[in-house]
Peer 1: 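The structure's right below; bear with me while I get my questions together.
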Amino acid sequence: MNRAIVEGSALAVLALTVAVVWFRARHAARPESDGGYTTREEIEFEIGRLQSEVYRWLTTTNHRDIGLLYIAFGTIAGLWGGVDAMMLRTELLTPPADIWTPETYNALFTTHGLTMLIFFVLPVFFGVGNYVLPLLIGADDMAFPRVNAIGFWLLPPALLLARMGLLVQVGGQVLSLFLPDESIQFFLTIREVSIGWTLYAPLSVQQPNPQIDLLLLGLHLSGIATTVGAINFIVTVVYERGDDVTWANLDIFSWNMLVTSGIALFAFPLLGSALVMLLLDRNLATTFFATEGGGAILWQHLFWFWGHPEVYILFLPATGLMSTILPKFVGRKLFGYQFIVYSTLGLAVLSFGVWAHHMFTTSVDPRVKASFMAISIAIAVPSAIKVFNWITTMWDGDIQLSAPFILCAGSIGTFIVGGVTGVFLAVIPIDILYHGTYYVVGHFHLIVVGIIPFMMIAASYYWYPLITGRWYDTRLAKFQSVLLIFGSVVTFMTLLIIGGVGLPRRQAIYPPEYQLAQQIATVGAYVIGLSALLWLYNMLVSYWRGAVVQTTDPWKLKATNQFTKEWQWFEERMVEKYDLEPATPDSTRRSYAPELEPMGLLGGVGSVAENVYRNASAAAAGGFVGTVLMAGGLGTAIVVDVLDPVSFGEIAEPVGLPADPLFGAALFLVGGTVTWPLLFLAFQEYLPGRYLFETGTVFATLISTGFAIAFYTGQQGLVLLGYLGFVLVAHWAYGLGLAVTFQFLQSRRRKRRRAEE
C-alpha cells in the first residue's frame, strides 16, 4: 500500500471530521430562532468576525492565548504521530511485511518517535504552563510576552520542515497524474526519513534523501523555540512571582516547570550543536562523525547527553501535574511537599549523568559503563520518592471518583511497572540481554504513555471549567479514562512480555509464533486511539454544548482548603463577569482524623441479606482491584524470570484439577477476588495498623509468606532475592488495592447516608 496516500487520507478525514463536529456543535448551540434565511449582512458579519479572530490569534501575546495555541499545536502533532503509530501496529498484525514495505515501516517508527517526543509532548506542557503558571504564582503574564509568542510561532514551520517528506510525497503523487515525472523530479525524490528517531551516524550521514536535511533544520528550529520558552519560564518564576509566593510555598507544578526549563536550557543547545555538525558532515564533507574524525560513538554521546535528559524534560511536568491534581480528588494536601521538590531537583541533576546507559552495547570502557550503571540505578530513588508520596497522599483520603482521579491512579500503576522494569535495564548484563528487544519498547512506553498523556488529559478535565466556563461530559470522560488505561496496559505489557522472551524491535517481519501477542498489542493500540478520539470529541463538543459552570468553586476545593490561586482568579472573573456570589462550602472536610469515623465495613445496619450482599460485593470489588494491581508485579517477575509460571499449575492439583498453569491462574484469581478479601473483612479488626492502609499492608505481608512458600520452585542466590522482593511488592500492591477500594466504598456509603439524613 502507498503510505503517503493512506496517511494523507487518514489525516484529511480526521481534520474534516473535527471540522464537522465543531461546526455542528457550534451550530446546534446557536439555533435560528425564527427559522428564517441567513441574510447577506449576517454572512458578512460572520466573515468579518472570523477575520478579526484570525488576526487576534496571529498577533496575541497574552499568556493564556499562547497557552491554548501551544496545546492546539501539540494536539495536532500528537494526532499526526498517533496515526503513524496506528499504521505501525497495523503492519504488525501479520508476521510478513505485507501491508507496508520494510522501508516504509522504518520511516513510520522514525517519524512517530520524533513527532511525539519533539512536537507533541513538550508543546502541550509548555501550553499548560503558559496558561496556568502565571495564574498559580500571581503574575500578570509571562516575563517576556512577545518572546513567548515568537517561541510558539517557531514551532509550526519546524514541524512542517520535519514532516515535509510526507507532504511532498502526497503532492508529487497528485502532480504525477497530470505532469511527466521528469518535470516533478523534486517531488518524487524526497521521502520521509527512515533512519530511526535516534538519527544514528553514519547512517544519517550517508543516506542521500534530502528530507534528512530538512528534518535536521526542523529539529534545530524546534530546539531554538524550546530554549526560548525555557528562558521565559525561568525568568517568570524567578522574577514575576506575587509578593506572597515564596520558594517555600511555590506550587509544585511551577517547581516542575522551573526545573524542566533548567534541564532544557542545558540539553537543547547541545542537540542543536550536534545537528549542525551532522548537517556539515552531510553537505560540506566534514568528518565529525566519520571514522577518520570523531566516529559514530561521538554522535551517540552527543545525542544521548540530550536524549536522556529529554526523557525527564517530558516526564517532570507530568509529575508536577500529578502532584497538583491528585490531592484535589482525595481531599488531602500533597504529602511530603519538600521531598517531592528535592526529588525533582535530584532527577534534574542525575538525568545528565546517565546518558551512557544507552551505550552499554558499544565499545565504551567497561569501567566507565560501571559508573553509569551505578548512577542509573541511583536515579530510581528520587522517582520512588515521588511514587511513595503520591500513594501516601491517597492514604485514608476521601476519594472522589472522577476522570482526573482515575487517570492519576492509573498513571501511578503504569509508572510503577515502567519504572521497576527500567531498573533492570540499568544493570549492564540485563541491558545487553534485552537491548534492541520489545522489552525496551514496553518499559519506555509504560512511562511515556502511562503517565504523560494520562496527566495531560487529567489536566484538561481538571482545568476545563476554568478555561471554558463549561463542563465536559463527565460520564464519557470516565469511560474514556478507563479505556485509555486498559489499552495502555494491554499494549505495553504485551510488548514487555514478548521483549522479555527475546523478540527484536524495529523489524517489520517477525517469527509467526509471536503473531497472537502482536495482534493483542495492536488491539490495545487501537483502544488507545479510540480513547484519544473520544477525548477530542468531548473537548470540542463540550466547548459549545457543555453545561455552563454555575459556581465559582466547581471542584469544591474550598471544603478541603485547596482553593489555589488559579481558582481564586477564576472566582474573581466569574464574580466580575457574571455577578456570581463566591461559593461557600457547606462544611469543611476533616483534614486527617480517621479515628472519628468507623473503620470497618462490617458494622453496617440493615438485614442479614443486605449485609451479606454489601460485604460480598465490596470484597469482590476490592479483590478484583487488588488482583489487577498484583498481576503487574507478578507478571514482571515472570518476565524477568524470577517466578516460574509452571508453579501456578501445582496449586491446581490439590483441588483435583490438571496441573496446568491456566487452571492454577484461574484458581489464583478466584482466591484473590473471593477468599482473601473476605478473610480481610473478617479479621481486619484484629490486625495491627491504625489506618485501613496499614491494616491492608500488614494483611498483604502476612499472606505473601504463604505465596512465597507455595510458589517457590528452587530459586537460589540473586534470583531467590528477586523472587521474594517481587512477591512482597506484588502483595503490597494487592493490599493497597483492597484498602483503597474499601476506603472508597466506605466513603461513598457515608455520603449516601448523609444524603438520606
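Residue numbers run from 1 in the order of the sequence given.
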Peer 1: Indicate whether any N or O donor in one side chain lies under 3.5 Å from an N or O acceptor in the other, for Q562 and W567.
Peer 2: no

Peer 1: Do T421 side-chain atoms and G418 backbone N/O form a donor-acceptor pair below 3.5 Å?
Peer 2: yes

Peer 1: Does the side chain to side chain contact (heavy atoms under 4.5 Å, CB included) test come out yes or no for F233 and L258, once each step is laid out?
Peer 2: CA-CA 6 Å; F233 277 117; L258 176 66; over 6 Å; no

Peer 1: State, yes or no, whether a side-chain contact exists between W471 and V548 at a heavy-atom distance under 4.5 Å.
Peer 2: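 The answer is no, as the side chains (C-beta and beyond) never meet within the 4.5 Å cut-off.
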
Peer 1: Taking the inter-plane angle between the rings of H112 and H445 on a 0 to 90° scale, is it parallel (under 30°), tilted (30 to 60°) or perpendicular (over 60°)?
Peer 2: parallel

Peer 1: Scan N130, T236, T61 and name whichever one has a side-chain hydrogen bond (donor to acceptor under 3.5 Å, both in side chains) with N148.
Peer 2: N130

Peer 1: Assign the ring pair Y70 / F126 to parallel, tilted or perpendicular, where the plane angle (0 to 90°) is split at 30° and 60°.
Peer 2: perpendicular

Peer 1: Of all residues at least two apart in sequence or in a different chain, which pass the ring-ring contact (aromatic ring centres under 6.0 Å, His included) check with F315?
Peer 2: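 Applying ring-ring contact (aromatic ring centres under 6.0 Å, His included) to F315 gives F415.
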
Peer 1: Do you see a donor-acceptor pair shorter than 3.5 Å between the side chains of D141 and N62?
Peer 2: no

Peer 1: Is R241 close enough and on-axis enough to W247, meaning under 6.0 Å and within 45°, for cation-pi?
Peer 2: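 Yes - R241 lies over the ring of W247, closer than 6.0 Å to its centre and within 45° of its axis.
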
Peer 1: Could you tell me whether a side-chain N or O of T393 sits under 3.5 Å from a main-chain N or O of F335, the two making a donor and an acceptor?
Peer 2: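 Between the backbone of F335 and the side chain of T393 there is a qualifying donor-acceptor contact (under 3.5 Å).
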
Peer 1: Between T115 and R163, is there a side-chain donor-acceptor contact under 3.5 Å, judged purely by atom types and distance?
Peer 2: yes

Peer 1: Ignoring hydrogens and geometry, is there a side-chain-to-backbone donor-acceptor pair from D398 to V330 under 3.5 Å?
Peer 2: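 Pair absent, no side-chain N/O of D398 close to backbone of V330.
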
Peer 1: Would you say the side-chain atoms of H357 pair up with the backbone N or O of S376, donor to acceptor, closer than 3.5 Å?
Peer 2: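 Not a single qualifying donor-acceptor pair exists.
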
Peer 1: Around atom OH of Y337, are there more than 12 heavy atoms from other residues, nucleotides or ligands closer than 6.0 Å?
Peer 2: yes

Peer 1: Ignoring hydrogens and angles, state whether a donor on the side chain of N249 or T246 is under 3.5 Å from an acceptor on the partner side chain.
Peer 2: yes

Peer 1: Distance only, no hydrogens: is a donor on one side chain within 3.5 Å (strictly under) of an acceptor on the other, for T344 and W255?
Peer 2: no

Peer 1: Go through the steps for D579 and V575 under the test side chain to side chain contact (heavy atoms under 4.5 Å, CB included), then give the verdict.
Peer 2: CA-CA 4 Å; D579 201 24; V575 170; 5.5 Å; no

Peer 1: Donor-acceptor pair, distance only, cut-off 3.5 Å: does the side chain of T60 make one with the backbone of W57?
Peer 2: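 Answer holds: no.
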
Peer 1: Could you walk me through whether I231 and S261 satisfy the side chain to side chain contact (heavy atoms under 4.5 Å, CB included) test, starting with their C-alpha distance in whole Å, then the side-chain angles of each, then the deciding distance to 0.1 Å, before giving a yes or no?
Peer 2: CA-CA 7 Å; I231 292 171; S261 302; over 6 Å; no

Peer 1: May I ask you to check whether N256 and T260 show a side-chain donor-acceptor distance below 3.5 Å?
Peer 2: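 Side chains of N256 and T260: no pair found under 3.5 Å.
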
Peer 1: Got a donor-acceptor contact below 3.5 angstrom from the S351 side chain to the A348 backbone?
Peer 2: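 Checked: pair present.
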
Peer 1: Fit a plane to each ring of Y312 and H308, take the angle between them on a 0 to 90° scale, and name the class: parallel (under 30°), tilted (30 to 60°) or perpendicular (over 60°).
Peer 2: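 Aromatic pair Y312/H308 classed tilted.
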
Peer 1: Just checking W306 against F303, ring centres under 6.0 Å apart?
Peer 2: yes

Peer 1: To the nearest 0.5 Å, what is the distance between CZ on R332 and CD1 on I399?
Peer 2: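 These two atoms lie 11.0 Å from each other.
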
Peer 1: Heavy-atom count check: over 12 atoms from other residues, nucleotides or ligands less than 6.0 Å from Y537 OH?
Peer 2: no

Peer 1: Testing the 3.5 Å rule here: is there a donor-acceptor pair between the side chains of E566 and T564?
Peer 2: yes

Peer 1: Using 30° and 60° as the class limits, which term best fits the ring planes of H358 and W304: parallel, tilted or perpendicular?
Peer 2: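 The rings of H358 and W304 lie parallel, inter-plane angle below 30°.
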
Peer 1: With F329 as reference, evaluate W555, F744, F405 under the ring pair (Phe, Tyr, Trp, His ring centres under 6.0 Å) test and give the passing residue.
Peer 2: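 For F329, the ring pair (Phe, Tyr, Trp, His ring centres under 6.0 Å) test succeeds with only one of W555, F744, F405, which is W555.
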
Peer 1: Under 3.5 Å, is there a donor on one side chain and an acceptor on the other for Y578 and Q550?
Peer 2: no

Peer 1: Is K565 paired with D244 through a side-chain N to carboxylate O contact shorter than 4.0 Å?
Peer 2: yes

Peer 1: I would like to know whether S222 and L155 meet side chain to side chain contact (heavy atoms under 4.5 Å, CB included); could you show each step before the answer?
Peer 2: CA-CA 6 Å; S222 75; L155 282 177; 4.1 Å; yes

Peer 1: For residues S254 and I137, report the shortest heavy-atom separation together with the two atoms involved.
Peer 2: OG-CG2, 3.6 Å

Peer 1: More than 12 non-hydrogen atoms from neighbouring residues, nucleotides or ligands closer than 6.0 Å to CD on E581, yes or no?
Peer 2: no

Peer 1: Regarding K558 and E571, does a basic nitrogen lie under 4.0 Å from an acidic carboxylate oxygen?
Peer 2: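 Between E571 and K558 there is a salt bridge, with a charged N closer than 4.0 Å to a carboxylate O.
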
Peer 1: Is there side-chain contact between V132 and R64, with at least one heavy-atom pair below 4.5 Å?
Peer 2: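 Of all side-chain heavy-atom pairs linking R64 with V132, none is under 4.5 Å.
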
Peer 1: Is there a side chain to side chain donor-acceptor pair (under 3.5 Å) between Q480 and Y472? Walk through the geometry before answering.
Peer 2: CA-CA 12 Å; Q480 182 269 331; Y472 53 85; over 6 Å; no

Peer 1: When you measure from the side chain of K328 to the backbone of T324, do you find a donor-acceptor pair of N or O atoms at a distance under 3.5 Å?
Peer 2: yes

Peer 1: Taking the six-membered ring where the residue is Trp, are the ring centres of W463 and Y131 under 6.0 Å apart?
Peer 2: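 For W463 and Y131, the ring centres are not under 6.0 Å apart.
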
Peer 1: Report yes or no: do W390 and S323 form a side-chain donor-acceptor pair below 3.5 Å?
Peer 2: yes

